[in-house]
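So you know, we letter chains A, B, ... as the sequences are listed, proteins then strands, and number each from 1.
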Amino acid sequence: MPDLLIELFSEEIPARMQAKARTDLKTLVTDGLVAAGLTYAGAHALSTPRRLVLAIDGLTAESRAVREERKGPATTAPEQAVQGFLRSTGLTLEQLEVRDAGKGQAYFAVIEKPGRKAAEIVAEVLEATVRNFPWPKSMRWGTGALRWVRPLQSILCLLSDESGAEVVPLDIDGIRSGNTTRGHRFLAPEAFSVSSFEDYAAKLKRAKVMLDPEERAGHIWHDATNAAFAAGLEVVEDRGLLTEVAGLVEWPVVLMGRIGEEFLGLPPEVLQTSMKEHQKFFSCRNPKTGRIEGFVTVANNDPADHGATILKGNQKVLSARLSDAKFFWENDLRTVRDVGFEGMAEGLAHVTFHNKLGSQKDRIGRIEALAREIAPLVGAKPDLAAEAARVAKADLQSAMVGEFPELQGTMGVYYAKAAGLPEAVADACKAHYQPLGPSDAVPIEPVSVAVALADKIDTLTGFWAIDEKPTGSKDPFALRRAALGVIRLVLGNELRFELFPLLLRGVFAAELSIQNVQLRSVEARLTASSRKIAEHLSRISSDHDEFDEALQVFASLEATGAKGNNEDADEDFWPSFSSEVSRKLSDLLAFFHDRLKVHLRDEGIRHDVIDACLAMPGNDDLTLLVKRAEALSEFLKTDDGENLIQGFKRANNILTQAEEKDGVEYSFGADPKFAEDETERTLFAALDKAEAAIAPAMEAENFAAAMSAMASLRAPIDAFFEAVQVNTDNQVVRRNRLNLLSRIRTICLSVADLTKLEG
Amino acid sequence: MTATAPRSFQEIILRLQTYWAGKGCAVLQPYDMEVGAGTFHPATTLRALGSRPWAAAYVQPSRRPTDGRYGENPNRLQHYYQYQVLIKPSPANLQELYLGSLAAIGIDMGLHDIRFVEDDWESPTLGAWGLGWEVWCDGMEVSQFTYFQQVGGHDCKPVSGELTYGLERLAMYVLGIDHVMDMPFNDPASPIPLKYGDIFRQTEQEYSRWNFDQADTEMLLQHFKDAEAECERILAAGETDGAGRRIVMAHPAYDQCIKASHLFNLLDARGVISVTERQAYIGRVRALAKKCADAFVTTEAGGASEGRAA
């Protein structure tokens with residue numbers, strides 16, 4: 001059982017690509033070997049910046065011989081068919097056998113595939129792997145056509161067992177395989193030959209190459225924490241950075257330095273971001289003060305001066321970088337002092353948010369108006385929420401965020417505090433971006449919640465207004481994340497409000513911006529109609545009564561699914577405009593519902609359960625919707641629940657069929673006096689009781705109580721169906737029973753639309 | 001072998017010239033036009049196209065109007081020098097050749113930490129991209145190292161290897177200088193020692209003022225349009241001259257493309273180009289660069305005859 005060692009030696013592979021490259025190499029090679037009939041005991045892939053390595057042990061020395069028989073055309077078949085069979089088998093007519101095949105004679109091909117040597121297979125598989133390697137980005141070099149992530153310099157490919165090692169011969173566009181490699185670029189650049197994986201790993205270690213990325217990462221972390229500890233500091237953990245740095249060095253040498261006194265006043269986030277982004281330094285914190293006071297850099301060299309020169313150089317670069325950061329910080333603070341934090345946002349009038357939706361300042365205006373509306377719904381003071389909205393994105397104009405975009409929000413908090421703004425306003429600068437992902441925390445402070453909701457609703461309504469919705473995997477404006485953000489903000493804070501009016505406000509505001517952009521940019525023909533729409537919209541948006549009126553119109557349009565036609569519209573543009581808005585709103589609400597389904601599916605609630613609840617009124621109150629869905633989901637898990645649904649469905653089916661057949665709706669109210677059977681009378685009583693319990697429970701939004709009242713119908717319904725035939729010959733009794741079924745339907749449908757449930 | 005430490009900015013340049021001359025490069029002179037980077041020199045942009053082998057090295061004065069800081073910033077200048085090497089096809093030992101050049105200017109590989117850190121290069125104005133690294137010396141970026149994959153929308157076959165050294169930054173590091181204006185330009189022991197600031201402080205001030213406040217934007221806009229129109233006119237003029245000779249005017253057209261690019265940079269520094277317009281201007285320059293590349297590959301230097309023979 002030989003072992004296989006492969007090393008693909010190249011110029012520096014980007015650190016971020018190494019992990020996937022290891023997996024790909026392992027998968028492609030082992031899959032190829034197995035497909036060709038070899039088996040192996042184990043495989044592991046390793047990498048350094050300059051090499052991708054795969055070690056496979058216990059590889060079979062050759063593949064097994066395979067004998068394959070294939071039936072061909074009948075001997076009487078046309079010439080073409082026979083030729084085709086010969087081509088597909090690669091045999092000649094003489095090599096075919098003629099055998100009886102039921103209805104006459106047919107040709108048979110017997111193909112013997114002899115076992116093949118492992119070396120032959122490895123060479124084929126490795127060549128195919130190299131030629132088809134899925135690098136995220138690859139390149140050509142020199143005069144060649146071969147693609148690799150950076151120039152591929154040599155290939156080591158070795159099969160070894162107790163008797164020795166042999167090079168697997170391979171030539172890929174002039175790169176010939178061998179048994180040699182090189183050590184560290186500067187510390188041990190000479191080539192050397194190896195005879196097995198163990199020999200390879202040991203010699204590399206002597207040649208100052210740590211082959212295993214995990215080992216390098218472990219070594220870096222160990223030395224970094226030790227060095228920091230000795231200096232009375234602790235390293236700020238950063239897994240991503242550790243992996244990246246381990247991918248940049250073959251022989252990690254950890255060096256620790258101190259940050260200059262003059263920079264210690266910078267916010268820790270600034271120090272960390274600058275050091276990480278520009279120089280891939282780890283930050284070191286003083287546990288006593290909580291300040292970032294030192295750094296760890298990892299060199300790929302082991303110089304005689306123990307890194308003094310390297311550290312000095314790095315320190316100098318760091319000083320230059322931090323001088324820039326300090327300049328930005330002081331400049332920004334000066335701006336805030338001179339013109340206020342809100343004043344810093346002034347320049348956003350010249351920054352385009354989207355060419356159809358206007359500038360960032362336009363956007364902030366919309367968010368402010370929405371935040372003011374939302375504030376009372378979430379327990380925030382409207383003026384405070386509006387102030388927070390005005391400054392929440394002011395830091396986009398700061399020099400610091402210009403340099404480090406990832407510090408948006410974080411800097412806002414500092415600058416808002418420097419401007420003496422209330423704590424709730426300052427916190428909203430950062431928190432209004434949240435939640436940033438499914439695992440990010442949801443803000444709970446009311447002002448932050450108001451601005452966070454306003455920001456996301458503005459984004460969604462804005463892009464819906466200009467028909468820039470996500471399609472398939474494309475979601476360039478992260479609208480799915482925004483909708484999920486709204487959902488999580490509402491559910492996480494158990495907020496109770498109707499979403500629809502806010503969406504309408506958002507769409508109105510967006511449409512107003514769109515018209516204003518047109519007014520600003522197009523002088524000629526469009527102006528008249530744009531101005532008309534703009535005037536109309538701004539009147540509606542600013543006047544509460546007018547807005548409520550519009551809201552009712554749109555709500556009815558939305559509920560009936562009708563396409564526009566507002567009777568009040570005296571201006572000619574209004575009907576088509578309102579139908580457009582109505583269409584966009586229904587569509588956006590449906591998008592919210594889709595995101596909600598995805599979100600609740602992750603929480604274990606079935607999509608048909610959500611559909612059953614979505615069909616009920618008030619489905620734009622997400623908290624209510626989810627409460628109902630959770631109760632229904634729990635209900636369905638009980639024995640009573642599952643059976644009641646079956647009973648309901650049976651009642652509904654019989655009723656629906658009868659109604660279709662008779663052409664009437666059986667909703668006149670059943671009369672107990674026509675009840676013939678005891679079970680029928682029991683059902684009447686049960687329905688009365690359930691009805692009396694369900695109505696107040698629904699009123700109180702106590703869905704669990706309503707559903708448990710509904711569950712009490714299970715036994716009477718089952719017994720009823722057991723004992724009674726609904727469609728009897730006596731038409732009076734039949735009608736009465738159908739009306740009784742109708743009561744079951746009405747009562748059950750008042751809780752959720754159970755017809756939407758599957759199974 | 002450790003080289004002795006250089007003593008001045010010009011000594012570093014001279015050592016690089018000598019080194020790359022020794023490695024077989026034609027040592028060219030700077031291109032006589034305003035460019036934003038050494039890549040714009042036709043010895044790089046155009047010569048990276050086509051099949052003919054090429055090896056050139058040169059200093060290129062480069063102008064980035066938005067980087068002007070009136071000579072006050074220790075590291076930023078609106079006019080600075082790049083050292084550029086272009087070899088086609090890229091030799092297998094280009095990394096070693098490059099490291100040799102660092103040794104030649106006095107960087108001891110045994111004491112420093114040299115790193116090749118991923119950096120994909122792209123020039124939207126030239127319609128060009130390549131893969132490579134920024135080279136770090138003790139955490140400082142000292143060069144760009146790129147394998148050109150496409151220029152002017154054409155695949156580079158063969159591939160050129162391009163090295164770009166930011167000379168001031170590299171020299172400051174080697175010489176241990178903190179402010180660029182303090183850097184010795186000639187030997188400090190010369191009878192008349194000159195520092196970088198003696199030569200360039202005043203010009204940085206003058207150009208910063210002109211770039212940011214004074215350049216006539218109406219005129220610059222008109223020049224941009226003129227350069228664009230002239231470039232297109234030259235290329236549309238046909239391949240044959242009055243005497244029946246086939247002469248494709250790829251280089252004169254490319255000069256106009258360079259002009260348009262620099263005028264765009266000046267307009268940008270004057271702050272008269274909005275974010276949306278920016279993309280449109282870059283697209284216009286790229287369109288010119290592509291047309292010039294299309295023209296160049298039909299010429300002798302662009303490898304047209306070899307292409308036909310093959």
Identify which part of Arg185(A) has an atom lying under 4.5 Å from any heavy atom of chain B, answering side chain, backbone, both or neither. side chain
Other residues, nucleotides, ligands: >12 heavy atoms within 6.0 Å of Arg284(B) CZ: yes
Taking every non-hydrogen atom, the tightest pair across Gly176(B) and Lys316(A): C-NZ, 3.9 Å
Among Leu99(B), Ile87(B), Asn73(B), which has the most heavy-atom pairs under 4.5 Å with chain A? Leu99(B)
Can you pull out the residues in residues 147-158 of chain B with any heavy atom less than 4.5 Å from chain A? Tyr147(B), Gln149(B), Asp155(B), Cys156(B), Lys157(B), Pro158(B)
Is it the backbone or the side chain of Gln153(A) that comes under 4.5 Å from a heavy atom of chain B, or both, or neither? side chain
So which of Met109(B), Gln95(B), His112(B) has the largest heavy-atom pair count under 4.5 angstrom toward chain A? Gln95(B)
Heavy atoms only: give me the nearest Gln279(A)-Trp136(B) pair and the separation to one decimal. O-CZ3, 3.8 Å
Heavy-atom nearest pair, Trp133(B) first then Glu12(A), reads NE1-O, 2.9 Å
Less than 4.5 Å to any heavy atom of chain B: does that hold for the side chain of Ala308(A), its backbone, both, or neither? neither
For Lys312(A), is there an ion pair with Asp138(B) - N to carboxylate O distance below 4.0 angstrom? no
What heavy-atom pair brings Leu111(B) and Thr309(A) nearest, and what distance separates the two atoms? O-CB, 3.8 Å
Members of residues 141-152 of chain A whose heavy atoms come closer than 4.5 Å to chain B: Trp141(A), Gly142(A), Thr143(A), Arg147(A), Val149(A), Arg150(A), Pro151(A)
Output the distance between atom CG (Asp324(A)) and atom CG (Asn75(B)), rounded to the nearest 0.5 Å. 7.5 Å
Where does Ser319(A) contact chain B at under 4.5 Å (heavy atoms): side chain, backbone, both or neither? neither
Could you have a look at Asp119(B), Val117(B), Ile114(B) and say which one has the most heavy-atom pairs with chain A under 4.5 angstrom? Ile114(B)
In this structure, NZ of Lys137(A) is separated from CG of Asp120(B) (nearest 0.5 Å) by 4.0 Å
Between Ile310(A), Val317(A), Leu318(A), which residue shows the highest count of heavy-atom pairs closer than 4.5 Å to chain B? Ile310(A)
Among Ala92(B), Pro91(B), Pro74(B), Gly132(B), who wins on heavy-atom pairs under 4.5 Å with chain A? Gly132(B)
Report the C-alpha separation of Val249(A) and Arg115(B) in whole Å, then their side-chain angles, then the decisive distance to 0.1 Å, and conclude whether the side chain to side chain contact (heavy atoms under 4.5 Å, CB included) test is met. CA-CA 8 Å; Val249(A) 294; Arg115(B) 221 79 78 67; 3.8 Å; yes
